[in-house]
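FYI, side chains are in, hydrogens and waters are out, and symmetry mates aren't considered; it's all heavy atoms of this structure. Numbers here simply count residues along the sequence, with the first being 1.
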Amino acid sequence: MAGHRRDRHPHGADRLCEAGDRVYSRAVRRGRVPREDAETVPCLVELALLHPDPDDMGWLVPTSPQEVMTRLLRGVYEEVSASQTRVGDAVAAFEWYAGLGGRVQAPTEGVAIRVLDGLPRIRAAMDEATEACATEVLTVQPGGIRREDELSEGLHRALEMRRRGVRMRDLYTHVARHGQGLHNYMELMGDAAEARTLDEVVERLILFDRKVAFIPANADRTIALELRHPALVDYLVTVFERLWRLAIPLAAPLPETGIDGITHRERSIAALLAEGHQDAVVAERLGISVRTCRAHIARLSETLGAASRTQLGVRIAQAGLDGPPRSPELQTLTAPGSAPGPGPVPVPDPESPTGL
């Protein structure tokens, strides 16, 4: 309750709110006020400007203005003294560091790794890198369909780079193809940007001119790392280029799975299930919801004729969906009831150990 009152009256005795001014002035003139008069201004009691009348607890008596002034002046004096002490400490520390010699470097140059804590600092660093970028930007955008606000947040930077002739290459998951916002964004960028997609990509990555990279440093992406160490940046560029060669252009259709009734996404789900991943992990890696993931698993089970998660693992292996695409003659689905192939991986079901 006290915290709530301070939120409603965020001031000290040196700057009373209008209601507090009226009640305190009335108490000084009359010598006391009924307790109910101060219910709407709890700040007066919290600041010790009013206190209970020892003779009648239903009334509040004021602290004298002279005592309040003395208290305020004492507080100001203590603050000034503390500030002078801090200034003296800072000067002494500065002189000590200066005595060590060396050249002070700007925070954005000569620092291999810089931690950016908070979205304002991250955006400021990104804007700075955008302004300095001259040739190329490489990005990896995980997750599923990109939200309109995400695309709009960086659109001004992208358009400014396009104006300067900077080329952009973006990697997304296949799921992002289903978002109209991404297609609108690419249309706005024209020839300045190229996008490709994969089943799954690494965490978010943004590279400017192969000199500076930004990666998230926590799960909700409110902390980021700015990387300028040449070895780290070169490594991330290599990761991007290898993913880029494996990716499919956004304008090109996804390849067929070779099995009737099974989509490219369901093939990706089958491969991850065969590796032993739970539904939630599969959904996160492919950028879809757990509910959507389980709907695909149900269709996959129906298509493959599997009545349980264990049998689904067998069917996935028999159909050749547990890894890279096989030759057409090996993609023929084994009929239900046939002897299982060697080494099938049971597919985990977190909610029902015995069935789907």
Side-chain angles (χ1 to χ4, degrees), residues 1-99 104 106-108 111 113-128 147-150 152-154 156 214 216-226:
M1 179 63 72
H4 175 66
R5 289 173 175 172
R6 281 192 292 269
D7 291 342
R8 290 172 54 196
H9 298 274
H11 57 73
D14 56 333
R15 51 186 186 283
L16 288 180
C17 58
E18 183 177 349
D21 188 355
R22 288 198 303 269
V23 175
Y24 178 73
S25 299
R26 188 187 314 141
V28 171
R29 290 194 304 269
R30 299 178 181 178
R32 63 177 185 172
V33 291
R35 182 180 289 273
E36 55 267 22
D37 285 7
E39 289 180 353
T40 59
V41 282
C43 52
L44 296 180
V45 175
E46 293 175 1
L47 295 172
L49 296 179
L50 294 179
H51 51 88
D53 187 340
D55 296 327
D56 188 345
M57 299 299 288
W59 293 79
L60 297 174
V61 295
T63 301
S64 68
Q66 293 79 8
E67 183 178 342
V68 174
M69 286 189 292
T70 300
R71 187 195 308 164
L72 287 175
L73 290 175
R74 186 185 304 116
V76 171
Y77 174 78
E78 291 173 352
E79 290 178 5
V80 170
S81 298
S83 297
Q84 290 175 337
T85 301
R86 288 196 299 270
V87 170
D89 292 342
V91 170
F94 180 82
E95 292 174 348
W96 182 80
Y97 283 113
V104 178
T108 57
V111 179
I113 301 177
R114 187 161 65 123
V115 180
L116 306 173
D117 191 352
L119 295 179
R121 288 196 64 194
I122 294 173
R123 293 192 183 105
M126 292 283 293
D127 287 339
E128 184 177 348
R147 301 197 311 268
E148 292 288 344
D149 60 328
E150 290 179 333
S152 300
E153 193 276 329
H156 70 285
F214 294 89
N218 63 345
D220 60 4
R221 297 174 182 159
T222 57
I223 302 177
L225 297 182
E226 179 184 315

Supply the atom-to-atom distance [X] [atom1] to [Y] [atom2], rounded to the nearest 0.5 angstrom.
X    : Y    : atom1 : atom2 : answer
E39  : L44  : CD    : CG    : 12.5 Å
E226 : I122 : CD    : CD1   : 10.5 Å
T63  : M69  : OG1   : CE    : 12.5 Å
R114 : L225 : CZ    : CG    : 11.0 Å
D37  : R32  : CG    : CZ    : 12.0 Å
L116 : T222 : CG    : OG1   : 11.5 Å

**Prompt:** Side chain of D53, backbone of W59: donor and acceptor closer than 3.5 Å?
**Reply:**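 Such a contact is absent between D53 side chain and W59 backbone.
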**Item:** Lys/Arg-Asp/Glu bridge criterion (N-O < 4.0 Å) met for R22, E18
**Value:**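 Yes, R22 and E18 are salt-bridged.
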**Minimal non-hydrogen separation, C43 against C17, with atom names** =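 Heavy atoms only, the tightest pair is SG-SG, 3.9 Å.
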**Request:** Write down the atom of A19, the atom of V41, and the distance for their closest heavy-atom approach.
**Result:**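 Nearest heavy atoms, A19 then V41: CB-CG1, 3.4 Å.
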**Request:** Using a 4.5 Å cut-off on heavy atoms from C-beta on, say whether the side chain of V23 contacts that of L50.
**Result:**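 When only atoms from C-beta onward are counted, V23 and L50 do touch, with a gap below 4.5 Å.
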**Request:** Would you indicate whether the side-chain heavy atoms of L47 and Y24 approach each other to under 4.5 Å?
**Result:**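 They are not in contact (no side-chain heavy atoms under 4.5 Å apart), so the answer is no.
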**Prompt:** Which residues satisfy the salt bridge (Lys or Arg N to Asp or Glu O under 4.0 Å) test with D21, sequence neighbours excluded?
**Reply:**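 D21 satisfies salt bridge (Lys or Arg N to Asp or Glu O under 4.0 Å) with no other residue.
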